[in-house]
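What follows is a single structure, written as structure tokens, with notes after it.
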Amino acid sequence: MALSTKPLSGMRQRFPEQFRVEKFVTDMLSGSSVSAGFQEYDGPVIEPLALFAAKSGGELVGRQSYSFTDRGEREVILRPEMTPSLARMIASSGELQLPVRWFSMPLCYRYERPQRGRVREFLQFNLDILGSSSLASELEVILVLNGIMKSFKAPSSIYRIGWSSRRFMTEALLRCGVKQELHSGVFSAIDKKDKMKEEAWSDYLLQSCGGDKKVAGTVVSLVSVESPSDTWLVDLMAESPALREVQEFDMLLEKTGISSAVFSPGVVRGLDYYTGIVFELMDTGRENRRSLCGGGRYDNLVGLFGAGRISGVGFGLGVLTLTLFLESYGLVPDSVRQAAPADVYIAIASSSVIATAGLLAESLRNSGIRVMMDVSGKKLGKQFSEASRNRITQVITVGVEQAETGIYKMKYLPDGKVTAGSVEELIRILK
RNA sequence: GUGGGAGUAGUUCAGUUGGCAGAGCCCCUGAUUGUGGUUCAGGUGGUCGCCGGUUCGAGCCCGGUCUCCCACCCCA
């Protein structure tokens with residue numbers, strides 16, 4: 001029985017062309033992070049189950065996790081996300097100078113049924129600031145997020161950063177007359193607003209509000225608010241510090257010119273540990289309906305480890321979902337997909353000069369030129385085909401005569417022009 | 001976990017009422033034995049996902065099963 005040629009369902013296996021695209025995306029993410037003074041970190045792929053059981057959310061751990069008992073009878077899990085590990089790292093290093101600004105590109109795992117934009121093993125870019133409760137942190141991470149989108153040349157018309165606040169919404173729901181115990185149901189109803197037909201949604205919301213029509217009506221008004229200075233909202237939230245925070249943040253976004261950021265009371269986010277401002281990045285088109293990125297403020301995560309209370313704010317961004325987004329808008333340059341693996345191909349006319357070719361390759365490589373030497377041993381014509389197939393533009397042919405004289409012929413494939421010269425001369429031309 | 005679609009050459013797919021297993025691209029050889037692309041001539045490549053049933057005969061019909069894709073749930 002032959003082994004299967006397929007990897008396990010949802011596990012990634014990337015061939016060079018796909019890898020180049022992914023690398024293009026991750027390099028860009030790292031670049032934007034570094035340019036804002038963030039430093040890279042990483043944590044373990046396997047974690048104790050309890051780390052996520054506490055705060056990540058029931059479904060994520062219960063139904064969508066790769067968890068098992070290891071040989072030491074420990075309940076462990078392949079990390080479904082990064083933030084709890086980050087919180088532990090912060091909690092365990094007493095010497096850290098706060099605030100810290102860190103980013104990571106972890107592989108994460110979720111046992112879900114694969115489909116477009118969702119697999120079981122995925123890269124999730126994470127960027128966080130810990131140890132500052134100032135709204136400047138929220139602003140900073142959203143500036144980086146917006147900068148990321150700009151670095152990919154995504155026009156602000158094709159994406160939207162919707163934001164809200166858990167603290168604000170909790171208080172607003174209370175003032176709307178929604179009892180505390182109904183909040184999580186109402187939140188998930190709010191979350192589904194754009195996915196359901198209007199009437200069906202109204203019924204669903206009414207149900208989640210305990211059947212109280214007046215309350216449900218108020219919640220509808222709340223969700224349709226488009227600005228934190230909306231007069232109806234200001235009236236509802238009179239004297240509320242949570243509203244003041246939301247207004248202040250709205251002003252910060254406006255003054256920094258992040259036009260793609262929109263106050264959206266309907267943004268709730270799934271993870272249980274968010275406490276303050278929450279936000280997500282959505283494609284405004286129809287092709288990628290999942291959010292590309294979700295984040296927010298978490299006040300109580302580091303405290304779980306018995307360290308002092310350290311507040312954090314950050315986001316996770318799916319590299320795969322972002323890549324699909326970029327591809328569907330044609331934002332992955334052809335030069336990335338069609339990149340040549342080398343600048344020069346060394347064709348070998350006779351097996352007696354392999355060593356000479358090897359030395360030539362080394363000299364060129366030492367000058368920073370990317371050189372691929374023939375290893376096929378096929379006839380010269382095939383070697384040229386190989387170079388051409390690889391989009392390599394320069395081919396140097398090494399034969400007996402060249403090995404003796406040290407003068408090589410180099411052909412530039414796009415126009416077929418041949419030049420001859422010593423190693424030094426060729427290097428000068430190539431640079 | 002729920003629902004829909006699809007499995008035929010390396011790949012993308014066609015395959016009529018059940019009657020010899022096909023095409024484009026890729027790959028290989030030659031034209032061109034020290035020079036690629038374009039062109040021309042030729043060629044390799046198949047457990048028709050798997051198991052069973054019906055039939056003189058199954059890629060096609062029936063039953064089962066596996067896998068992949070898509071949507072829902074949830075989420076990056």
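Chain A is the first sequence line, chain B the second, and so forth, proteins listed ahead of strands; every chain is numbered from 1.
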Between B/rG34, B/rU67, B/rC70, which one does the side chain of A/Arg116 approach most closely? B/rC70
Indicate, with a heavy-atom threshold strictly under 4.0 Å, whether A/Gln115 touches base, sugar-phosphate, or nothing. base
Distance below 4.0 Å between A/Arg389 side-chain N/O and B/rC27 OP1 or OP2: yes
Taking N and O atoms by type only, does the side chain of A/Arg118 place a donor or acceptor under 3.5 Å from a partner on the base of B/rC74? yes
May I ask you to evaluate whether A/Gln64 reaches the phosphate of B/rC74, defined as a side-chain N or O under 4.0 Å from OP1 or OP2? no
Touch class at under 4.0 angstrom, heavy-atom based, for A/Ser385 against every strand present: sugar-phosphate
Measuring to OP1 and OP2 of B/rU67, would you say a side-chain N or O of A/Ser4 lies under 4.0 angstrom away? no
For nucleotides 40-45 of chain B, which of its nitrogen or oxygen atoms have a protein nitrogen or oxygen under 3.5 Å away, and what is each distance?
none

Looking across every strand, which nucleic acid part, if any, lies under 4.0 Å from A/Arg290 by heavy atom: base, sugar-phosphate, or nothing? base
Could you pick out which residue, A/Gly10 or A/Gly318, lies toward the 5' side of RNA chain B when each is mapped onto its nearest nucleotide? A/Gly10
Side chain of A/Arg269 - closest among B/rG30, B/rA76, B/rG34: B/rA76
Less than 4.0 angstrom between a side-chain N/O of A/Lys379 and OP1 or OP2 of B/rG30, yes or no? yes
Closest to side chain of A/Lys192, choosing from B/rC74, B/rC75, B/rU35: B/rC74
Ranking B/rG34, B/rU2, B/rC68 by distance to the side chain of A/Ser9, first place goes to B/rC68
According to a strict under-4.0 Å criterion, is A/Lys382 in side-chain N/O contact with OP1 or OP2 of B/rU29? yes
Would you indicate which nucleotide in B/rG34, B/rC74, B/rG36 comes nearest to any side-chain atom of A/Thr397? B/rG34
Any A/Tyr111 side-chain heavy atom under 4.5 Å of A/Ser65 side chain: no
Identify whether any heavy atom of A/Val398 sits under 4.0 Å from a base atom; if not, whether one sits that close to sugar-phosphate; answer base, sugar-phosphate or nothing. nothing
Tell whether A/Gln383 reaches the base of B/rG34 with its side chain through a donor-acceptor pair below 3.5 angstrom. no
Taking atom types as modelled and ignoring hydrogens, do the side chains of A/Asp374 and A/Tyr345 form a donor-acceptor contact shorter than 3.5 angstrom? yes
A/Glu22 with A/Arg12: basic N within carboxylate O range, under 4.0 Å: yes
Go through the N and O atoms of the side chain of A/Glu280 and the base of B/rA76, and report whether any donor-acceptor pair is under 3.5 Å. no
If you measure only the distance, is there a donor-acceptor pair under 3.5 Å linking the side chains of A/Glu47 and A/Ser85? yes
Donor-acceptor pair (no angle test) under 3.5 Å: A/Lys411 side chain, B/rG36 base: yes
Pair of N/O donor and acceptor under 3.5 Å linking B/rA76 base with A/Arg110 side chain: yes
Atom C1', compared across B/rU12 and B/rC51: separation rounded to whole Å: 28 Å
Crowded around A/Glu226 CD? As in, over 12 foreign heavy atoms under 6.0 Å? no
